[in-house]
Amino acid sequence: MDVTPILEPLNEPQRMAVTGNNEPMLIIAGAGSGKTRVLTHRIAWLIKIENLSPHDLLAVTFTNKAAKEMKDRVENLLQMPVHNLWIGTFHGLAHRFLRRHAEDISLDKNFQIIDSDDQLRIIKRLFKNQNLDENRWNPKELQYFINQNKDEGLRPHQINKKNDSDLTQQVNFYKNYQDICDQSDLVDFAELLLRTYELLHNNPNLLNQYRKKFKHLLVDEFQDTNVIQYAFLRLLTGDDGIPFVVGDDDQSIYRWRGAKMEHIDQFQKDFADTRVITLEQNYRSSENILKAANALITNNVTRMPKELWTEDNTGELIQIFAAFNEKEEASFIAGKIQDWEKQGHNRSDVAIIYRSNAQSRALEEALINAALPYKIYGGLRFFERSEIKDALAYLRLVYYRKDDASLERIINKPTRGIGAKNIDLIRGRAKENKTSLWEASIHLIENNPIGKKFSKLNFFVSLINKMRRETDKLDLHNKIDHIIHLSGLIELYEKEKGERGLTRIENLSELISAAKSFESDEEMSELDAFLAHAALEAGDEQASEWEDCVQLMTVHSAKGLEFPMVFMCGMEDGLFPHQRSISNPKNLEEERRLCYVGITRAKELLFLTFAEQRKLHGQDNFSPSSRFIDEIPIELKEEIRSTYHDHSYVNHNIANKKRHLISESPFSIGQRVRHKKFGEGTVLAYEGQGVHARVHVNFENVGTKWLVVSYANLDLL
DNA sequence: CACGCGCGATTTTTT
DNA sequence: ATCGCGCGTG
């Protein structure tokens, strides 16, 4: 067997990891050290050299995207398709276990998955029903409480209430919430994991069967596993399994949602003969960038010692830019990107990353002003859009009548005269009879003591029945198509003003296309697979036509990516590190890791920028520059002076000049104008004066927008 | 039931 | 500054 393609591209420690003997392995993989490469080559090694069937490997990744990428890379490496590899997220794999063995844990085999949004809706409704003190509690907190406990593997009865009345109330709420889900055959994200854990834990035969099957268990992003995920892994590994986990304690940035990098220590205790391999050679960044990252991260007390190194050039110094305010910061960045572009580089080589989403606005304005196309990551994803969720709620109800959450969502959407009063009646009846809302609706129609005619409700029930009748034999996409058209959703969105309704309708037809091209090799009906897919993989963000774009994202979403040129902006104490993390040492260390993640995204050029004055939530803030900048050795940094003479920067010096220039409004209502990005339009309104003057323009192609005159560079036509 | 106003919250995000 | 939500009014 030719091992060359699998081993040749690897360095020595990587090769040791990939060829590791049958012993537990912990790979500590620094940023850019070839973590994914090691995992994919390990899988290829196991299949090709150790002749394991893909079917008997379990590989867990953090996101669906990572799972897909890994599978593709393995196939590429092996030069053949790999079927039946158990690769996916913890949630995806758990879902697979549950579908296979639902009956073993008294779960209806047609259970439906709810996402956090659905979960919050259920919680809100329950919250109201329970007459809880609104000053004391709120639904979001209770949602957090429930998920946190599930993530720790705790059922309500397992929580120590400590005679604490607050805690007791929360636990009761958790229990009531779970009862609702159980009754409607609904499973939330955390429940997928907890149920699967219980499934295996409570069924020794099944567990043994899977332990024998999955001799090798591979885990990516191990530092980000939470308690239940680790417990699941530990359980499935047993005494004979061979775990191969890859992670980087320095890149653990999800502590706030239950990730425990302590699992790295735990792992070495649980598997005493663990072989630890540290990957420190970096293939991404220049030496200066790595030195800065190393220096920064050594300020953390809790970490495994390691130091990234590279054979790459020293590279450029890290550029530090102090701006007057966030606008100057943004236009500085835009200017630098224009220079980069002029040198013949791609815009997509550039990432602007920030600590919090609110920072993107000023950056967007500057980029628009500089006519630089950009893409923001982190918006709503396809299956999270409300129109998509509406359509899927119909589909779910039509095929699974017990799904109360879906019924509640669409019973009066579009409005069909079934208001809050009626819904309360239905809920009451459901409670009395201990049935689903669907059955309660039918019961109400058939037995109404007050002689009330539930004609509207009857219409709704008939509609759902009709949808079922008429779509039963159709293909998935035709089912969805037909249900959407019967639902009245299209007419509803047609009435919505502006672009919005149109987009919604487009998205609905996009949903039908998605169903048409949907393929699944899961062992379940196409319908179930599609619905699970919608819940578990929220899909890409708004599909946009390919364009060479500057990339804007938070530091969190930048993890795993790399760019030749990176701007980290808003490097101020209070923003990064965030105010809410500064006083807690553990949280501060997480902020530092986050900064480390940001720095190590850069391949060639790294800018750290901050603003002395920043408008946040409508208030001016004055913060010192980030302590993280200070933690980078001075010989690696270079301060750029603010070049005030450059007309594109906005600051106090030129504000007067601008004010002078636009003291008289050149805009009258109806004036035709042209914008670099938005195209041509008509002025609708004008307000304010000086640098703050804004103009409302109706653009032919992109709808109406308010623009700040001093930035918009509008041409009069 | 639709609309509109006022109030409060506003770190990070995947599943 | 902005957005979403809840509640009151027409």
Side-chain angles (χ1 to χ4, degrees), chain A residues 60-67 88-95 113-121 124 127-128 134-135 138-141 147 150-151 187-194 196 221 224-226 228-229 252-259 326 353-359 361-362 377-381 383-384 386 412-422 456 492 495-497 532-539 541 553-560 570 574-582 587 590-591 593-595 597-598 614-621 692 694 706:
Chain A
V60 193
T61 58
F62 196 56
T63 63
N64 291 299
K65 196 174 146 211
T89 60
F90 276 107
H91 293 85
L93 295 167
H95 173 239
I113 302 169
I114 52 171
D115 66 15
S116 343
D117 186 61
D118 302 326
Q119 183 186 40
L120 188 59
R121 280 165 178 268
K124 277 182 176 164
F127 186 81
K128 272 191 191 150
E134 289 191 26
N135 297 317
N138 72 61
K140 279 228 168 95
E141 264 177 69
N147 290 336
K150 287 190 176 190
D151 282 345
V187 173
D188 61 48
F189 288 139
E191 185 73 15
L192 284 169
L193 302 177
L194 184 49
T196 305
E221 303 284 11
D224 283 325
T225 51
N226 66 29
I228 190 71
Q229 288 166 345
S252 171
I253 55 173
Y254 289 106
R255 200 178 97 87
W256 52 276
R257 63 177 206 218
E326 76 280 359
I353 63 187
Y354 36 80
R355 180 62 179 82
S356 66
N357 288 308
Q359 288 169 254
R361 180 149 307 186
Y377 287 75
L380 263 194
R381 286 166 316 162
F383 287 107
E384 290 168 348
S386 74
N412 202 31
K413 194 164 191 179
T415 51
R416 40 173 78 91
I418 308 173
K421 278 257 164 62
N422 276 311
K456 306 273 175 62
L492 173 70
K495 274 187 273 175
E496 214 170 333
K497 36 190 175 293
H533 169 79
L536 288 174
E537 311 183 31
E541 289 163 42
M553 66 193 83
T554 63
V555 195
H556 282 91
S557 20
K559 191 175 172 205
L575 191 55
F576 199 4
H578 197 273
Q579 193 59 47
R580 293 164 87 141
S581 299
I582 281 180
N587 291 346
E590 178 143 311
E591 295 282 319
R593 289 193 293 271
L594 194 54
C595 185
V597 166
R614 178 179 300 275
K615 198 160 242 169
L616 222 54
H617 311 315
Q619 293 246 305
D620 280 325
N621 289 63
H692 300 298
R694 302 194 311 151
W706 277 102

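Below, read A as the first sequence line, B as the second, and so on, with proteins coming before strands; counting in each chain starts at 1.
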[atom1] of [X] versus [atom2] of [N]: gap in Å, rounded?
| X | N | atom1 | atom2 | value |
| --- | --- | --- | --- | --- |
| A/Asn147 | B/dT13 | CG | C1' | 13 Å |
| A/Arg614 | B/dT10 | CZ | C1' | 15 Å |
| A/Arg255 | B/dT13 | CZ | C1' | 16 Å |
| A/Glu384 | B/dT13 | CD | P | 12 Å |
| A/Lys413 | B/dA2 | NZ | P | 11 Å |
| A/Phe62 | B/dT13 | CZ | P | 12 Å |
| A/Arg593 | B/dT12 | CZ | C1' | 13 Å |
| A/Leu594 | B/dT12 | CG | C1' | 7 Å |

First of A/Asn412 and A/Ala358 reached from the 5' end of DNA chain B, by closest nucleotide:
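The residue mapped nearer the 5' terminus is A/Asn412.
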
What class does the angle between the rings of A/Phe189 and A/His91 fall in, given that below 30° is parallel, 30 to 60° is tilted and above 60° is perpendicular?
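Perpendicular: the ring planes of A/Phe189 and A/His91 meet at over 60°.
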
Should the ring pair A/Phe383 and A/His533 be called parallel, tilted or perpendicular, given that the plane angle runs from 0 to 90° and is split at 30 and 60?
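Rings of A/Phe383 and A/His533: perpendicular, as their planes differ by over 60°.
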
On the side chain of A/Ser116, is there an atom forming a donor-acceptor pair with the base of B/dT15 - under 3.5 Å, no angle test?
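Such a pair is found, so the answer is yes.
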
Which part of the nucleic acid does A/Leu93 contact within heavy-atom distance under 4.0 Å: base, sugar-phosphate only, or nothing?
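Counting heavy atoms under 4.0 Å across all strands, no contact is made by A/Leu93.
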
At 4.0 Å (heavy atoms only), tell me whether A/Asn357 reaches a base, stays on the sugar-phosphate, or touches nothing.
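A/Asn357: backbone/sugar contact only, no base atoms under 4.0 Å.
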
Does the side chain of [X] get closer than 4.0 angstrom to OP1 or OP2 of [N] through an N or O atom?
| X | N | answer |
| --- | --- | --- |
| A/Arg381 | B/dT13 | no |
| A/Ser557 | B/dT13 | yes |
| A/Arg416 | B/dC1 | no |
| A/Asn587 | B/dT12 | no |
| A/Asn64 | B/dT15 | yes |

Looking at every heavy atom in both A/Val597 and A/Val555, which two are closest together, and how far apart are they?
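Shortest heavy-atom contact: CG1-O, 4.3 Å.
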
Minimal non-hydrogen separation, A/Glu590 against A/Trp256, with atom names:
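Nearest heavy atoms, A/Glu590 then A/Trp256: OE2-CD1, 3.0 Å.
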
Can you tell which of [options] lies closest to the side chain of [X]?
| X | options | result |
| --- | --- | --- |
| A/His617 | B/dT15, C/dA1, B/dT12 | C/dA1 |
| A/Thr554 | B/dC1, B/dT15, B/dT12 | B/dT12 |
| A/His556 | B/dT13, C/dG6, B/dA2 | B/dT13 |
| A/Trp256 | B/dT15, C/dC3, B/dT13 | B/dT13 |
| A/His91 | B/dT10, B/dT15, B/dT12 | B/dT15 |
| A/Arg361 | B/dT12, C/dT2, B/dT15 | C/dT2 |

Give a yes or no on whether a salt bridge exists between A/Glu326 and A/Lys615, defined as a side-chain N under 4.0 angstrom from a carboxylate O.
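Salt bridge between A/Glu326 and A/Lys615, a charged N being under 4.0 Å from a carboxylate O: no.
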
Would you say that A/Leu193 contacts A/Lys150 through its side chain, given a criterion of any heavy-atom pair below 4.5 Å between the two side chains?
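The answer is no, as the side chains (C-beta and beyond) never meet within the 4.5 Å cut-off.
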
